Protein chains: 2
Amino acid sequence: MNIHFYVTLSRIKTIMAKLQKSIDKRNALIKATIALVNNNGFHATPMSKIAKMANVSPATIYLYFENKQDLVNKTYIEVKEKFTAHAFNHYKADMPVAAGFKLIWNSIADFKFNNCEEAIFLAQCDNTPMVDEPSRQKGIQHFQTLLELWERGKEEGIIKPMSNYLLYAYTIIPLSFLIISQRRGAIQLTKDHVEEAYNAAWNSIKL
Amino acid sequence: MNIHFYVTLSRIKTIMAKLQKSIDKRNALIKATIALVNNNGFHATPMSKIAKMANVSPATIYLYFENKQDLVNKTYIEVKEKFTAHAFNHYKADMPVAAGFKLIWNSIADFKFNNCEEAIFLAQCDNTPMVDEPSRQKGIQHFQTLLELWERGKEEGIIKPMSNYLLYAYTIIPLSFLIISQRRGAIQLTKDHVEEAYNAAWNSIKL
DNA sequence: TACATAAAAATGAATGTTCATTCTTTTTTT
DNA sequence: AAAAAAAGAATGAACATTCATTTTTATGTA
């Protein structure tokens with residue numbers, strides 16, 4: 001059975017424009033949420049402020065999200081997905097372990113460096129009960145690729161036979177602290193710092 | 001000029017008992033704050049719940065703390081002080097660098113292991129705008145000793161010439177992630193894990 | 001293409017609840 | 001009997017969410 005749609009080109013164009021506008025609004029809400037939660041914390045960011053920053057009526061938020069918790073959950077998941085996509089962007093599963101790790105690590109550092117607000121938001125979510133458990137679980141899944149790389153590294157005798165939690169703790173986690181410290185004005189991160197950080201990470205897990 | 005006090009022993013005893021009761025109540029409030037904030041986040045822990053958990057009337061909280069923000073600030077500072085005291089408990093400034101670092105690191109690991117709730121509370125404060133800036137600054141000061149050790153280590157060519165922020169990021173910060181992961185039920189930390197963690201930390205900073 | 005009407009989206013104001021803080025009263029201590 | 005500490009109820013503000021209305025967009029007709 002074939003279903004035929006008769007649609008003019010101009011019709012498609014207006015539909016696309018509308019969709020885009022909707023996406024823009026949603027993105028504005030998510031961006032506002034990140035900025036306000038970073039600066040004031042979840043407990044001190046009312047929906048009214050989020051709405052104002054996104055140039056939208058408070059009521060409009062509820063056309064895009066069920067409620068405040070849902071807004072934060074979805075923000076977390078979206079940012080985490082963006083982060084993960086960036087982390088594994090150029091990685092191929094058949095790369096040598098050391099090169100693969102270096103590539104992924106640098107992609108992550110790059111993301112956190114250039115998307116500092118997003119990175120800080122994630123750190124906040126990962127260290128508090130701000131997002132609900134299902135959302136957190138969903139955010140974690142995406143790291144499968146890194147775990148597989150590490151398993152391969154252990155089999156090949158390149159990486160220490162440590163728990164993946166330890167590997168994560170000593171390679172990825174420190175970056176969050178550095179980014180937060182930078183945002184608080186405590187340190188100004190340079191290329192050198194990033195290289196030192198990479199060496200520290202690698203030294204802590206290489207066999 | 002001498003000032004003489006005429007006080008009976010029993011009088012002193014009742015005063016001490018009263019003082020102790022007051023301290024107990026304050027501690028109960030702080031403990032309740034930690035537990036509730038850890039489980040629900042600052043945004044979802046009303047004063048009424050804190051009062052209930054501490055077996056106290058909501059109004060009584062205001063005899064001990066100015067307001068909610070003050071309660072959280074003071075809780076942060078007290079826990080941080082307890083943490084710092086534990087961290088440097090057996091350390092002497094004339095110890096060899098490597099031994100000193102190992103001792104301090106293990107004291108910190110020990111504290112976080114055995115005072116998991118407190119450690120998680122600190123992590124939450126350090127990663128969010130939950131406590132105000134003056135309190136955060138006050139919490140940081142106490143780490144002077146560790147910074148001095150690292151400076152000495154760098155001079156002696158034992159520790160890499162890295163920023164103290166990097167040293168902190170790669171030795172102390174990972175522990176917070178591990179403790180949180182354990183509390184979430186993701187991993188069950190053993191003696192072996194702690195030893196592996198120490199080696200990872202040391203490898204990342206030793207020259 | 002121009003207009004009319006229906007549908008959808010967005011709004012600002014209204015609602016009801018939650019909660020930090022204060023007030024008045026009661027209990028405990030001196 | 002006075003003073004201090006603690007309590008529970010009261011207060012008022014802030015806020016998440018909903019509602020009634022307005023504005024914008026889509027659709028059908030001439």
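Since we're looking at a predicted model, the values are computed, not measured. By convention in this document, chain letters (A, B, ...) are assigned in the order of the sequence lines, proteins followed by strands, and residues within each chain are numbered from 1.
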Is there any protein nitrogen or oxygen under 3.5 Å from a nitrogen or oxygen in nucleotides 13-16 of chain D, and what are the pairs?
| unit_1 | atom_1 | unit_2 | atom_2 | d |
| --- | --- | --- | --- | --- |
| D/dA16 | OP1 | A/Lys68 | NZ | 2.9 |
| D/dA16 | OP2 | A/Met47 | N | 2.7 |

Atom-pair distance ([atom1] on [X]; [atom2] on [N]), nearest Å:
{"X": "B/Phe65", "N": "C/dA20", "atom1": "CZ", "atom2": "P", "answer": "15 Å"}
{"X": "A/Asp24", "N": "C/dA10", "atom1": "CG", "atom2": "C1'", "answer": "16 Å"}
{"X": "B/Leu29", "N": "C/dT21", "atom1": "CG", "atom2": "P", "answer": "14 Å"}

Next item on the list: Say whether B/Asn115 and B/Lys112, considering side chains only, have a donor N or O and an acceptor N or O under 3.5 Å apart.
Entry: no
Note to self: Under 3.5 Å, is there a donor on one side chain and an acceptor on the other for A/Gln141 and A/Gln137?
What the structure shows: no
Expected rows: protein N/O vs nucleotides 5-7 of chain D N/O, under 3.5 Å:
| unit_1 | atom_1 | unit_2 | atom_2 | d |
| --- | --- | --- | --- | --- |
| D/dA6 | OP1 | B/Lys25 | NZ | 2.9 |
| D/dA7 | OP2 | B/Ser57 | N | 3.0 |
| D/dA7 | OP2 | B/Thr60 | OG1 | 2.5 |

Next item on the list: Decide yes or no for B/Leu178 and B/His193: does some side-chain heavy atom of the first lie under 4.5 Å from some side-chain heavy atom of the second?
Entry: no
Checklist line | Results of ring-ring contact (aromatic ring centres under 6.0 Å, His included) for B/Phe65 - residues two or more places apart only | finding: none
Checklist line | Pairwise distance CD1(B/Ile104) to CG(B/Asp110) - rounded to 0.5 angstrom | finding: 14.0 Å
Next item on the list: Using the six-membered ring wherever Trp is involved, compare the ring planes of A/Trp150 and A/Tyr168 and label them parallel, tilted or perpendicular (cut-offs 30° and 60°).
Entry: perpendicular
Note to self: I'd like to know if the side chain of B/Glu196 reaches the main chain of A/Met162, judged simply by a donor and an acceptor atom lying under 3.5 Å from each other, with no hydrogens or angles considered.
What the structure shows: no
Check: Ring centres of A/Phe88 and A/Phe143 under 6.0 Å apart?
Finding: yes
